[in-house]
Amino acid sequence: ELFFASETFIAATATDENGNTSEFSNSAALIVNDARDLPDADPNDNLLDIDLVMPGLQVSLRAAIVAADVNPNRDLIYFDIPTESAEPPMILVGETPLPVITHPVLIDGSTQPIAGQVHVRGGVRGSDEHGFNMTSADVTLRGLKITGFGGDGVRSTHTKLDFENVDLSEGPHLSAVEIAFNGGWGV
C-alpha cells in the first residue's frame, strides 16, 4: 500500500443487477503540493514524497503520475501548490519527459487554490518531448495550461481523451485547458 500526501482514498462504486461492480472502487486522490519536477525520493518506503528533508510529504506532478499508474482504477490528481500570487503556478518539466500515463486518471488543475489553473511548461528539447503522453483509454485533463514542449502538448494513442473547457488560444483562460506554443501539434 502506498501512502499519499492527502492520505485520501475515494471509494465509490455502482453495482448492477448481476452484482458487477464499477471500475471506480478504490481510486486514489493525489494532491500535488510541490512545483518541482522530481520523482519520489524513495519508491520503496511506501510514502509518496519527493523531498525526505523537508517536513511533511511533498508531491510533484511527476511523482503523482507514477503513483496513479500503479493503480488500475481511475485516480484523481488535484493541486494545492503554495503560492502568494494569483498567477497559476508553473511546473517546469526538467531533463526527462513526464511519465507516460498508462491508467485512467483525472488531472485537475482547476483545484489549484486562487489561480484555478496550473501551467505545465516543457523545455523545448526536441520533437519527441511531449507534454502529456498517454496510452490509457480514460484520461481527463482540466484546468491546465500546457506550453513549451518540443513535440505535442498532449499525445494519446486512444480516442477517449476528455478536455474540459478547452481553449487552444493564447491568453489567460482560467478554469480552461490551454495548449499552445508547442513544437508539434497541440493534441
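On a predicted model such as this, the values are computed, not experimentally measured, just so you know. Values below: all heavy atoms of this structure, side chains included; hydrogens, waters and symmetry mates excluded.
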Minimal non-hydrogen separation, R62 against P99, with atom names
NH1-CD, 3.7 Å
For H119 and T147, what are the C-alpha separation, side-chain angles and deciding distance, and is it a side-chain contact (heavy atoms from CB on, under 4.5 Å)?
CA-CA 8 Å; H119 186 174; T147 66; 2.6 Å; yes
Verdict with reasoning, R142 to I107, per side-chain contact (heavy atoms from CB on, under 4.5 Å):
CA-CA 6 Å; R142 179 188 300 150; I107 302 176; over 6 Å; no
With heavy-atom distances below 4.5 Å as the criterion, would you say the side chains of L141 and V154 are in contact?
yes
Sequence neighbours excluded, which residues qualify as salt bridge (Lys or Arg N to Asp or Glu O under 4.0 Å) partners of D69?
none
Are D80 and P113 close enough that some pair of their side-chain heavy atoms sits under 4.5 Å apart?
yes
Check: D152 main-chain N/O paired with H130 side-chain donor or acceptor under 3.5 Å
yes
Please examine the side chains of D34 and I50, heavy atoms only from C-beta on, and report whether any two atoms are closer than 4.5 Å.
yes
Give me the other members of the hydrophobic cluster that L92 sits in, counting Ile, Leu, Val, Met, Phe, Trp and Tyr linked by side-chain heavy atoms under 4.5 Å, directly or via other members.
none
Shortest non-hydrogen pair, L30 vs L48, comes out as CD2-CD2, 3.9 Å
Taking atom types as modelled, is there a side-chain donor on R74 or T140 under 3.5 Å from an acceptor on the other?
yes
Least distance between heavy atoms, L98 atom then L61 atom
CD1-CD2, 4.1 Å
Minimum-distance pair of heavy atoms, taken over all atoms of V139 and S136
CG2-CB, 3.9 Å
V93 side chain reached by F149 side chain, heavy atoms, under 4.5 Å:
yes
Least distance between heavy atoms, D49 atom then G56 atom
OD2-O, 3.5 Å
So, D108 versus S110: side-chain donor-acceptor pair below 3.5 Å or not?
yes
Any non-hydrogen side-chain atom of I91 less than 4.5 Å from a side-chain atom of V118?
yes
Nearest 0.5 Å, please: how far is CG in L52 from CG in L57?
9.5 Å
Would you check if the side chain of Q58 reaches a backbone N or O of P55 as a donor-acceptor pair within less than 3.5 Å?
yes
Given side chains that start at C-beta, do those of I65 and I77 come closer than 4.5 Å, heavy atoms only?
yes
Check against side-chain contact (heavy atoms from CB on, under 4.5 Å), V32 and I81:
CA-CA 7 Å; V32 174; I81 299 171; 4.2 Å; yes
N/O donor-acceptor pair under 3.5 Å between D75 side chain and V105 backbone
no
Tell me, please, which residues at least two apart from D51 pass salt bridge (Lys or Arg N to Asp or Glu O under 4.0 Å).
R36
Would you find a donor on one side and an acceptor on the other, under 3.5 Å apart, between the side chain of S60 and the backbone of L38?
yes
Sub-4.5 Å side-chain heavy-atom contact between F79 and I31
no
Closest approach of I114 to S85 (non-hydrogen atoms, all atoms of both residues):
CG2-O, 4.0 Å
Are the side chain of N133 and the backbone N or O of T157 linked by a donor-acceptor pair below 3.5 Å?
no
Run the numbers on T83 and Q112 for side-chain contact (heavy atoms from CB on, under 4.5 Å), then give the verdict.
CA-CA 10 Å; T83 180; Q112 173 63 34; 3.9 Å; yes
